[in-house]
There are 2 protein chains.
Amino acid sequence: MDKDEMTTHQKIRYVQDTLFVISGKWKLPILIAISQGSSRFREIQRNVPFITTKVLSKELKDLEINKLVSRTVSEDSSVRIEYKVSPYCKSLAPLVDEMIIWAVNHRRKISEE
Amino acid sequence: MDKDEMTTHQKIRYVQDTLFVISGKWKLPILIAISQGSSRFREIQRNVPFITTKVLSKELKDLEINKLVSRTVSEDSSVRIEYKVSPYCKSLAPLVDEMIIWAVNHRRKISEE
DNA sequence: ATTATTGATATCCTTAAGGTTACTGGCATC
DNA sequence: GATGCCAGTAACCTTAAGGATATCAATAAT
């Protein structure tokens with residue numbers, strides 16, 4: 001269905017669906033960090049400022065459940081745990097880009113008054 | 001600044017800014033309802049399913065503070081209170097569109113497994 | 001030997017978001 | 001005269017999100 005044919009109620013339902021999946025302070029930041037190359041737990045933590053281990057651990061599990069992130073254990077000489085974004089996760093890219101663009105603009109708007 | 005030149009940390013900061021402004025279950029749904037023509041309090045409430053008066057009242061105040069919505073009192077024979085989205089609010093349109101597109105796709109993805 | 005790093009888990013706590021129910025005063029309608 | 005619509009407000013409550021701190025066993029570096 002095209003969005004131009006949707007009723008107000010339908011649009012609202014869809015937007016609430018998306019908000020539900022990406023809701024919270026940390027999910028998108030974590031996805032950004034992983035997709036930019038962080039794969040180890042501590043590495044992700046270093047690249048997502050101020051997140052605590054408890055929250056990171058919980059959010060990674062959520063993202064795994066939602067199939068946006070994969071967790072693999074590789075065993076060569078010692079154990080290595082690696083997180084990767086799934087191919088499906090990349091479908092969020094246009095949305096994330098729009099959010100960045102909007103925030104840049106918003107900051108300009110706020111500062112000019 | 002273009003987003004391709006940004007560091008991971010900068011991208012995360014911007015995305016968190018946007019998340020902060022549109023966070024919560026109701027702000028975007030309310031904006032959608034108003035921009036599709038609802039202008040009276042009860043009318044907005046009817047068009048945003050399940051929202052309570054208390055929450056709607058509070059969210060409208062927030063949106064007014066953030067200059068996304070205007071509240072005007074007109075007095076012809078009786079009092080009329082009208083809410084409108086600001087011109088600036090329209091800058092959120094591409095973001096909202098992306099959210100709708102993503103949710104439509106996500107629903108298909110989820111249902112096909 | 002000891003200190004640091006990794007990938008977490010456990011416990012406790014605070015805050016904010018949101019929901020529930022009830023109510024109000026002014027106007028209009030039946 | 002009662003009922004209903006409008007634009008809210010008030011008081012209270014529940015739940016979830018997130019933060020603070022401590023700890024752990026397994027490796028790695030010094």
Side-chain angles (χ1 to χ4, degrees), chain A residues 12-13 15-34 37-66 68-85, chain B residues 12-13 15-34 37-66 68-85:
Chain A
I12 288 173
R13 282 239 323 284
V15 168
Q16 283 185 324
D17 282 359
T18 297
L19 282 172
F20 188 76
V21 176
I22 67 172
S23 70
K25 203 170 164 181
W26 300 112
K27 290 196 181 61
L28 288 183
I30 291 168
L31 290 179
I32 291 171
I34 298 178
S38 303
S39 61
R40 312 297 302 277
F41 189 92
R42 294 289 173 189
E43 192 185 3
I44 298 166
Q45 190 175 12
R46 279 192 299 273
N47 285 309
V48 179
F50 308 114
I51 198 169
T52 63
T53 58
K54 180 200 152 190
V55 171
L56 178 54
S57 170
K58 187 233 166 202
E59 294 292 66
L60 283 171
K61 274 176 197 158
D62 282 5
L63 292 169
E64 226 192 315
I65 288 168
N66 288 311
L68 294 170
V69 156
S70 67
R71 178 185 186 275
T72 53
V73 185
S74 74
E75 194 120 16
D76 46 301
S77 85
S78 79
V79 181
R80 251 178 172 271
I81 289 154
E82 284 186 300
Y83 293 94
K84 297 283 174 205
V85 294
Chain B
I12 288 173
R13 281 239 322 285
V15 168
Q16 284 184 322
D17 282 359
T18 298
L19 281 171
F20 188 77
V21 175
I22 66 172
S23 69
K25 204 170 164 182
W26 300 114
K27 290 196 180 62
L28 289 183
I30 292 168
L31 291 179
I32 291 171
I34 299 177
S38 304
S39 61
R40 313 297 303 276
F41 189 92
R42 296 288 173 192
E43 192 185 5
I44 298 166
Q45 191 175 10
R46 278 192 300 273
N47 285 310
V48 178
F50 308 113
I51 197 166
T52 63
T53 57
K54 181 203 151 188
V55 171
L56 177 54
S57 169
K58 188 233 166 204
E59 294 291 66
L60 283 170
K61 275 177 196 160
D62 281 5
L63 292 169
E64 225 194 315
I65 288 169
N66 287 312
L68 295 170
V69 156
S70 68
R71 178 186 186 273
T72 54
V73 185
S74 75
E75 193 123 14
D76 44 300
S77 85
S78 77
V79 181
R80 252 179 171 271
I81 288 151
E82 285 187 299
Y83 293 94
K84 298 283 174 203
V85 294

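On a predicted model such as this, the values are computed, not experimentally measured, just so you know. Throughout, protein chains are lettered first and strands after them, A, B, ... in sequence-line order, and every chain is numbered starting at 1.
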Interatomic distance, B:Glu43 CD vs D:dG8 P [rounded to whole Å]: 14 Å

Under 3.5 Å donor-acceptor pair, B:Thr53 side-chain atoms to D:dT9 base atoms: yes

Residue-phosphate contact under 4.0 Å: B:Lys61 side-chain N/O, D:dT9 OP1/OP2: yes

Result of checking B:Thr52, B:Leu63, B:Val55 against B:Trp26 for side-chain contact (heavy atoms from CB on, under 4.5 Å): B:Val55

Protein-to-nucleotide contact annotation, 5' to 3' order, nucleotides 25-30 of chain D [B base; S sugar-phosphate only; - none; under 4.0 Å, heavy atom]: --SS--

Between B:Gln16 and B:Arg13: side-chain donor-acceptor atoms closer than 3.5 Å: no

Closest heavy-atom pair and its distance - B:Ser39, B:Lys84: CB-NZ, 3.8 Å

Sugar-phosphate only, base, or nothing, as touched by B:Arg80 at under 4.0 Å among non-hydrogen atoms: nothing

Sugar-phosphate only, base, or nothing, as touched by B:Arg46 at under 4.0 Å among non-hydrogen atoms: sugar-phosphate

Protein-nucleotide distance (A:Arg42, atom CZ; D:dC24, atom C1'), rounded to Å: 12 Å

Sugar-phosphate only, base, or nothing, as touched by B:Lys25 at under 4.0 Å among non-hydrogen atoms: sugar-phosphate

Under-4.0 Å side-chain N/O to phosphate OP1/OP2 contact, B:Tyr83 with D:dG8: yes

Residues that B:Ser38 engages under side chain to side chain donor-acceptor pair (under 3.5 Å), provided they are two or more places apart: B:Asn47

B:Phe41 to B:Thr53 - nearest heavy-atom pair and separation: CZ-O, 3.8 Å

Outermost nucleotides of DNA chain C that come under 4.0 Å of a non-hydrogen atom of chain B: C:dG18 to C:dT20

Most 5' of A:Ile81 and A:Lys54 on DNA chain C, judged by nearest nucleotide: A:Ile81

Any B:Ser57 side-chain nitrogen or oxygen under 4.0 Å from OP1 or OP2 of D:dT9: yes

Spacing of B:Asn47 atom CG relative to D:dC6 atom P, expressed in whole Å: 12 Å

Given D:dG19, D:dA11, D:dG8, the nucleotide with the shortest approach to the side chain of A:Thr52: D:dG19

A:Val85 and A:Leu68, any side-chain heavy atoms less than 4.5 Å apart: no

Selection from D:dC6, D:dG8, D:dC12 that lies nearest to any side-chain heavy atom of B:Arg71: D:dG8

Rounded distance [0.5 Å steps], CD1 in B:Ile34 versus CG in B:Leu60: 5.5 Å

Heavy-atom pair with the smallest gap, counting every atom of A:Ile44 and A:Ile30: CG2-CG2, 4.3 Å

Value in whole Å for how far the P atom of D:dA11 lies from NZ of B:Lys58: 18 Å

Minimum heavy-atom distance between B:Leu19 and A:Gly24, given as atom pair plus value: CD1-O, 3.8 Å

Atom pair distance, as rounded to whole Å: CD1 in B:Ile30 and P in D:dG8: 13 Å

Toward the 5' end of DNA chain D, by each residue's nearest nucleotide, B:Leu60 or A:Gly24: B:Leu60

Flag side-chain contact, heavy atom, 4.5 Å: B:Ile81 against B:Arg40: no

